[in-house]
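The next block holds one structure in the form of structure tokens; read it before the comments.
Bear in mind that the values here come from a model prediction, so they are computed numbers and not experimental data. First the proteins, then the strands, lettered A, B, ... as listed; each starts at 1.
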Protein chains: 2
Amino acid sequence: MMNHSLDRAFTALGDPTRRAIVERLASGSATVSELAAPLPMSLPAVMLHLKVLEESGLVASEKKGRVRTCRIEPAALSLAEQWVSDRRRLWEARLDRLDAFLDSAAEETP
Amino acid sequence: MMNHSLDRAFTALGDPTRRAIVERLASGSATVSELAAPLPMSLPAVMLHLKVLEESGLVASEKKGRVRTCRIEPAALSLAEQWVSDRRRLWEARLDRLDAFLDSAAEETP
DNA sequence: AAAATACTTAAGGGATTGCTTGACAATTAC
DNA sequence: GTAATTGTCAAGCAATCCCTTAAGTATTTT
């Protein structure tokens, strides 16, 4: 499965500026200017980051008048979260089985 | 907090080859050659991906004789998972509060 | 000791990323 | 209607990324 949307989601989250944007949006919607205000870069640069976030599906936005308001898209976050969670659980299940094996082996040769 | 380790973890997971490696390792440790076998690229290329994964903390490895064996490092996976989870929950809690507000508002003007 | 195996390092090249500045809408306020 | 606000587009540039091939090193195997 050539999962393009996970590519984009994880790559988007790999940049500290974009994570800061997601962090800010997690506590409520915000306009482009509001998002840009605390960031140490030009407005066009922030726009580019927002574009990446939108293409990844992590963020959505609507323009009303001259103001664009952005919000989290929880489904995409959930997808990324799930991928990591599934792999970690699979690995940990393996470890559990190994522990169980070692324990039973120890019982047999006390 | 300038979270460098999350940068590396998410960026690492943003590449499909590296996700394929993590996927493979989730179901058990493997040598470099075993990891490289199904991948459509040269061995040195795979080594570079492994280097990125190790620097991100997602994967660890040990060399015994001439064979390097790689394994998942669940703590780093957990960290990434947690970051996404926390933001999603924060956002969803907001949505819940909004629903509650709309419900109570509807009760007051029936 | 020679050959095969398993990995590693180095050099380089083409594509992508993350910014910048400058110019240009489109909308709202005065 | 003029000016301020808010966002967008375009060109360009330095750094990084992902891969290649070629040439090693270290460890078995025969």
What is the distance from [atom1] of [X] to [atom2] of [N], rounded to the nearest Å?
{"X": "A:Leu50", "N": "D:dT6", "atom1": "CG", "atom2": "P", "result": "16 Å"}
{"X": "A:Asp15", "N": "D:dA15", "atom1": "CG", "atom2": "C1'", "result": "14 Å"}
{"X": "B:Leu48", "N": "C:dG12", "atom1": "CG", "atom2": "C1'", "result": "13 Å"}
{"X": "A:Asp7", "N": "D:dC18", "atom1": "CG", "atom2": "C1'", "result": "14 Å"}
{"X": "A:Arg8", "N": "C:dT17", "atom1": "CZ", "atom2": "P", "result": "10 Å"}
{"X": "B:Arg68", "N": "D:dA26", "atom1": "CZ", "atom2": "P", "result": "14 Å"}
{"X": "B:Lys64", "N": "D:dA26", "atom1": "NZ", "atom2": "C1'", "result": "17 Å"}
{"X": "A:Leu43", "N": "C:dA25", "atom1": "CG", "atom2": "P", "result": "17 Å"}

Side-chain N or O of [X] versus OP1/OP2 of [N]: is the shortest distance under 4.0 Å?
{"X": "A:His49", "N": "C:dC19", "result": "yes"}
{"X": "B:Lys63", "N": "C:dT8", "result": "yes"}
{"X": "B:Arg18", "N": "D:dC18", "result": "yes"}
{"X": "B:Arg66", "N": "C:dT8", "result": "no"}

Strand-adjacent residues in residues 34-42 of chain B, judged by heavy atoms under 4.0 Å from DNA chain D: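 Only B:Met41, B:Ser42 qualify.
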Between C:dA26, C:dT20, C:dT8, which one does the side chain of B:Pro44 approach most closely?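 The listed nucleotide nearest to B:Pro44's side chain is C:dT8.
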From the list C:dA6, D:dT6, C:dT8, which nucleotide is the closest neighbour of the side chain of B:Met47?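 In terms of side-chain proximity for B:Met47, the closest of C:dA6, D:dT6, C:dT8 is C:dT8.
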Would you call the rings of B:Trp83 and B:Phe10 parallel, tilted or perpendicular if under 30° counts as parallel and over 60° as perpendicular?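 Correct class here is perpendicular.
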Non-hydrogen side-chain atoms of [X] and [Y] separated by less than 4.5 Å:
{"X": "B:Asp7", "Y": "A:Arg19", "answer": "yes"}
{"X": "A:Leu25", "Y": "A:Leu58", "answer": "no"}
{"X": "A:Val52", "Y": "A:Arg18", "answer": "yes"}

Heavy-atom pair of closest approach, residues B:Arg71 and B:Ser61: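 Reported closest heavy-atom pair: NH1-N, 4.5 Å.
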Closest heavy-atom pair and its distance - B:Arg94, A:Ala26: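 Minimum heavy-atom separation between B:Arg94 and A:Ala26: CD-O, 3.8 Å.
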Within 45° of the axis and under 6.0 Å from the centre of the six-membered ring of B:Trp91, does NZ or CZ of B:Arg88 qualify?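 Output no; distance or angle outside limits.
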Specify the residue among B:Val32 and A:Gly65 whose closest nucleotide of DNA chain C lies further upstream toward the 5′ end.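 Its nearest nucleotide being more 5', the pick is B:Val32.
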